[in-house]
There are 2 protein chains.
Amino acid sequence: MQSRSPAAARPGRPRSAAADAAILAATREALVELGWSKLTLGDVATRAGVAKTTLYRRWSGKNELVVDAVAELFDELCLPDRGSLAADIEGVVLQFAAILARPEARSGLMAVVTEATRDDALRARIRASIVDRQKGLVLEGRSRAQQRGELPPEADPEESARTVDLIFDMVAGAVVHRTLVSGRPADEEWVRGFTHILLRGLTAPS
Amino acid sequence: MQSRSPAAARPGRPRSAAADAAILAATREALVELGWSKLTLGDVATRAGVAKTTLYRRWSGKNELVVDAVAELFDELCLPDRGSLAADIEGVVLQFAAILARPEARSGLMAVVTEATRDDALRARIRASIVDRQKGLVLEGRSRAQQRGELPPEADPEESARTVDLIFDMVAGAVVHRTLVSGRPADEEWVRGFTHILLRGLTAPS
DNA sequence: ACGCTTTCGCTACGAGTCGTAGCGTAATGC
DNA sequence: GCATTACGCTACGACTCGTAGCGAAAGCGT
């Protein structure tokens, strides 16, 4: 029960880390050029310079591969301290919008979310590698705002968790809908208006 | 230049309206059982009791067919007058959430939006048959609220249009994200919390 | 009743993708 | 050297795609 680490020193030839990187990069490239529906694993393998069988040895299918390829795009997401809650929100929303403006994120992210409606394992994979990271930003931003005194400290932890979930759905949902459904850019002007409404909704006296 | 109506009295055998209904119903049924990716036009044709060629004569492909099939789900969407802006919003959001709770809407709607990221004609079709109808509800609700005095009348029409777009992205985006990404139901409790924040953001003094 | 026109159901087809199996070779640890 | 695993390559059956061709059916005008 000891060696269960993922990269345990197993005997035999190790998997090429370069191949992993090449495959994920090729997947994003194919997403840009072909989109989700016309992306084939054979094509990705050719672009990456690996055999198709190598691809199937590491990923069980198109869904899992694209999740990993898209997840790397969210690595750059962080929460810079801009001094006020409003500025922090605007900053992170603009970062999120910049990622969603990239074509590989647009087609890839939406597609895997679609597939996840019928695949619980895939949904868990998305949550672990993408969604939870975003939610962490919401938690961090609220913690900062409470330290600044911009938000009251939470009393009920359960109520607090519900509020975080709600804020997260509102932020991510609005940006995604603006970018992908309305088809218009989430630029600074839009983000300012959105932040304005959200912030007043959170802080105004009832 | 006279007879340009879509169903002009053309000579020859008319298209079967019953076949249209059967095909769209079969498409929704297949969406429930198979989901988007495993749905094939041949299977839909078999379920509907029509030939595959008939399907291709009326729709150019899977995307357009599913848009029409899903669009019918939104026919029931309306804005009941509940007496206050808060109640109106809660009512229509709950209706929207009820539609998104159906599996054929979950997999179908998200899938066509995904495909629309690379297909402008498809995006226009979605906007015409689904999105614009929802946006109309936002306009109607705001108009009512202004008559009641719950919202101030708009001065700048351009600013007004921007606000409507923003509200629409926030409402639809939050419900979609809650339902499809977070994977939790947009039940009454959640809708109350959401409406509370949105409404305070819209009406609280700055 | 008769043609004209369009739709419909059916069959068949080449093209493309899928996911897997088999084989020989390359890379690592003992 | 030897065991073990990863890799590249080829080939395969099964499936879906979108289209073409055909004869039959259903309307409309004369």
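Order of the sequence lines fixes the chain letters, A, B, ..., with proteins taken first and strands second; residue numbering starts at 1 for each chain.
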- Can you figure out which of dG8(D), dA27(C), dT6(C) approaches the side chain of Arg13(B) most closely? dT6(C)
- Task: Rounded off to whole Å, could you give me the CD1-to-C1' distance for the Ile23(A) and dG8(D) pair?
- Result: 12 Å
- Message: Which is more 5' along DNA chain C, the nucleotide nearest Arg57(A) or the one nearest Gly49(B)? Just name the residue.
- Response: Gly49(B)
- Heavy atoms from other residues, nucleotides or ligands near CZ of Arg184(B) exceed 12 (cutoff 6.0 Å): no
- In whole angstroms, how far is the P atom of dG18(D) from the CD atom of Glu64(B)? 10 Å
- Item | Residue whose nearest DNA chain C nucleotide is more 5′ - Ser16(B) or Gly12(B) | Gly12(B)
- For the side chain of Thr53(B), starting at C-beta, report the closest nucleotide among dT11(C), dG19(C), dT7(C). dT11(C)
- Derivation of the side-chain contact (heavy atoms from CB on, under 4.5 Å) call for Asp187(B) and Trp190(B): CA-CA 5 Å; Asp187(B) 52 17; Trp190(B) 183 88; 3.4 Å; yes
- Item | Atom pair distance, as rounded to whole Å: CG in Leu65(B) and P in dG18(D) | 11 Å
- Task: In whole angstrom, give the distance that lies between atom CG of Leu55(B) and atom C1' of dC8(C).
- Result: 12 Å
- Query: Nearest to the side chain of Ala51(A) - dC9(D), dC8(C), dG27(D)?
  - Reply: dC9(D)
- Task: Report the residue (Pro14(B) or Ala17(A)) whose heavy-atom-nearest nucleotide on DNA chain D is the more 5′ of the two.
- Result: Ala17(A)
- Message: Nearest to the side chain of Arg15(A), heavy atoms from C-beta on, is which of dC8(C), dA6(D), dG8(D)?
- Response: dA6(D)
- Item | Among dC7(D), dT20(C), dC9(D), the one nearest Tyr56(A) by side-chain distance | dT20(C)
- Task: Enter the distance from Ser182(A):OG to Arg123(B):CZ here, rounded to the nearest 0.5 Å.
- Result: 9.5 Å
- Message: Any donor-acceptor pair under 3.5 Å linking the side-chain atoms of Arg142(A) with those of Thr163(A)?
- Response: no
- Spacing between Leu41(A) atom CG and dT20(C) atom P, to the nearest angstrom: 11 Å
- Item | Presence of donor-acceptor pair under 3.5 Å, side chain of Lys52(A) and base of dG8(D) | no
- Item | Integer-rounded Å distance: dA6(D) C1' and Arg58(A) CZ | 8 Å
- Item | Heavy atoms of other groups near Glu188(B) CD, more than 12 under 6.0 Å | no
- Query: Taking the side chain of Thr40(A) as heavy atoms from C-beta outward, which of dC8(C), dT17(C), dC7(D) is closest to it?
  - Reply: dT17(C)
